[in-house]
Amino acid sequence: MNVFEPYSEYKDSGVEWVGKVPSGWGVKKLSWLFRTISSGTTPPDGGTQYYDGDINWVTTGELRESVITETSKKVTQMAVSDLSALRVYEPGTLLIAMYGATIGRLGILGNPATTNQACCAMSDPHGVLTKFVYYALLASREHLLVIASGGGQPNINQDKLRSLRIATPSVEEQQSIVDFLDRENDEIDGFIADQEELIGLLIERRAATVTQAVTKGLEPDVATKASTLGWQSSVNATWTVVQLKVAGKVTLGKMLQSEQKTDTDELRTYMRAANVQPNHLELSDQQKMWFSKREASSLDLRAGDVVVVEGGAGFGRSAYLTEDLAGWAFQNSINRIRPEASSDGRYLNYVLKAIYASGYLDIVCNKATIPHLTAEKLEALRVPLPTKNEQTGIADYLDFETTEIDAAIADAKEAIELSKERRSALISAVVTGKIDVRNQITAELGAA
């Protein structure tokens, strides 16, 4: 059990994001703690003389709070010789991203490396442990985002980093803090890895449950026959296999129209690919465009419809509409399936999820290019079609089963987020001296 207590005396640090610090601690700028604070550059892409060498070259995309031993791109010795801004940093150098969405992301070199101009490198520490500064910068990321400046792309330059002040206990206490946080991090990372593995298993179980139900039914020992589905080798022997167009009418949405063309055009909320998430509809993100009256009428969205993403990264994702979406229509990134009287839309949606999970759509839509699940390709998909009553029974069963699995997945994701929040709060509290981890270390040594 953790025994966290504050220090006995505190003083004002003079740094807003740090707050009060223990009376025995100092507060120092990074420029006082590292003899070298600099960055790198991007060699000109004029031939191969500067690239495809054997010297690591770090970009901000590789700063992921980890030790960097290999990089996706490497530069040559000629690049280092020709470009004065391109220097090789030694293992142990601390890197921080200065630009854009990656501001504040960190890495520590495990092997010698150069960097591009968006990475700030801090090396040759004195009076400080690099790993302690690493944790202090983790705690400062929110502050760094506040002080970032720039028009379209916020940034923190080297001057701002040199001026950044952090709390600094003695080197001996820094080591205690680093040892403690390393151990806590390992435990949290292990827990997160376990939860991520659980999520993966639950996703596999969900897909297997859906596929079993929509191809074999709900009876445990049902007779099967070889199928012509393409995405599953066998199917319930009593079922028919049809093209999807037999089970429902497929309609592609309208191309984007951002301006009114006639006086009778209507401005309507439209469904697009971003609204169709893997297992739910996300309708809070709404955009509008113009439709003619005829288009608004023919491209309506009703309870019982199934919507399917036509193209892009999420092609083939589908969702079932449980209610009418009054005032909505849909764009050409969406295909709508309106089930025939002999079909249950929920069942068709689950069949589409089984097809999606099988990977069959990658072949149908040629994922090597820009994939599109056109209306024609969607209509031609072969699906198992039991009686309407069987479809409804299967859909009822899968509604229950998938809800249970989705709840377990949500719990695991929440546990991961809470662990990450706990880690952030703990790191911030420890490196700014709000709690004294030496009590915890002493208690653990006593217990040992």
Side-chain angles (χ1 to χ4, degrees), residues 199-216 226-236 239-255 271-282 301 305-321 330-340 343-386 391 394-395 398 401-402 405-406 409:
I199 290 171
L201 292 172
L202 288 168
I203 291 172
E204 290 177 7
R205 177 183 158 197
R206 190 186 202 280
T209 300
V210 170
T211 300
Q212 174 69 19
V214 300
T215 57
K216 309 298 190 301
S227 83
T228 57
L229 294 171
W231 51 274
Q232 188 73 8
S233 61
S234 61
V235 68
N236 189 307
W239 295 359
T240 58
V241 173
V242 301
Q243 288 188 314
L244 183 62
K245 64 183 178 181
V246 174
K249 180 176 175 54
V250 178
T251 304
L252 178 67
K254 177 186 176 174
M255 288 185 63
M271 184 174 291
R272 62 197 200 284
N275 297 122
V276 184
Q277 293 302 306
N279 292 314
H280 71 283
L281 281 172
E282 179 50 73
L301 292 167
D305 289 343
V306 179
V307 288
V308 188
V309 176
E310 191 270 351
F315 75 98
R317 286 203 304 246
S318 64
Y320 173 77
L321 271 59
F330 55 103
Q331 188 204 13
N332 65 339
S333 62
I334 294 291
N335 281 302
R336 181 195 67 198
I337 303 172
R338 182 152 287 166
E340 299 292 345
S343 300
D344 186 312
R346 290 181 302 151
Y347 171 80
L348 294 180
N349 181 42
Y350 282 121
V351 172
L352 289 169
K353 290 187 181 301
I355 298 174
Y356 181 84
S358 74
Y360 180 67
L361 294 180
D362 293 350
I363 301 170
V364 171
C365 301
N366 190 7
K367 195 176 180 181
T369 62
I370 299 175
H372 287 280
L373 182 58
T374 63
E376 293 74 21
K377 290 177 181 177
L378 184 58
E379 287 177 332
L381 289 177
R382 298 186 68 79
V383 300
L385 200 66
Q391 293 177 45
I394 289 169
L398 288 176
E401 290 294 320
T402 58
I405 295 171
D406 289 344
I409 291 173

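All values below come from the heavy atoms of this structure, side chains included, with hydrogens, waters and symmetry mates left out. These numbers come from a predicted model, not from an experiment.
Side-chain atoms of Trp231 come within 3.5 Å of backbone N or O of Arg382 as a donor-acceptor pair. A side-chain donor-acceptor contact under 3.5 Å links Ser227 to the backbone of Gln232. A donor-acceptor pair under 3.5 Å is formed between the side chain of Thr240 and the backbone N or O of Leu385. Asn275 places a side-chain N or O within donor-acceptor distance of the main-chain N or O of Glu282, the cut-off being under 3.5 Å.
Residues Gly345 and Val306 share a closest heavy-atom pair of O-CG2, 3.3 Å. Taking each heavy atom of Leu252 and Phe330 in turn, the nearest pair found is C-CE1, 3.7 Å. Considering every non-hydrogen atom in both Ser333 and Arg272, the closest pair reads OG-CA, 3.5 Å. Taking both residues in full, the closest heavy atoms of Pro384 and Trp239 are given as CB-CE3, 3.7 Å, listed atom of the first, atom of the second, then distance. In terms of heavy atoms, Thr374 sits closest to Asn335 at C-ND2, 3.9 Å. Residue Glu401 comes nearest to Thr209 through the heavy atom pair CB-CG2, 4.2 Å, listed as atom of the first residue, atom of the second, then distance.
For the pair Leu301 and Arg336, the minimum side-chain heavy-atom distance is below 4.5 Å. Taking the side chain as every heavy atom from C-beta outward, Leu281 and Leu321 approach each other to under 4.5 Å. Counting only heavy atoms from C-beta outward, the side chains of Leu348 and Pro339 approach each other to under 4.5 Å. A heavy-atom distance below 4.5 Å is found between the side chains of Lys353 and Asn279. Residues Val364 and Phe315 form no side-chain contact, since every pair of their non-hydrogen atoms from C-beta on lies 4.5 Å or further apart. A heavy-atom distance below 4.5 Å is found between the side chains of Tyr360 and Leu381.
We find the OG-CD distance between Ser343 and Gln391 to be 5.0 Å, quoted to the nearest 0.5 Å. Separating the CG atom in Leu361 from the NZ atom in Lys377 is a distance of 10.0 Å, to the nearest 0.5 Å. Between Asp344 atom CG and Ile394 atom CD1 the span is 9.5 Å, to the nearest 0.5 Å. Taking OG1 of Thr402 as the start and CZ of Arg206 as the end, the distance is 4.5 Å to the nearest 0.5 Å. With values rounded to the nearest 0.5 angstrom, Leu378 atom CG is found 11.5 Å from Lys245 atom NZ. Distance NE2/His372 to CG/Asn366: 11.0 Å, rounded to 0.5 Å.
When each of Val276, Leu352, Leu373 is checked for a side-chain contact (heavy atoms from CB on, under 4.5 Å) with Ser318, only Leu352 meets the rule.
Within 6.0 Å of the CZ atom in Arg205, the count of heavy atoms belonging to other residues, nucleotides or ligands does not exceed 12.
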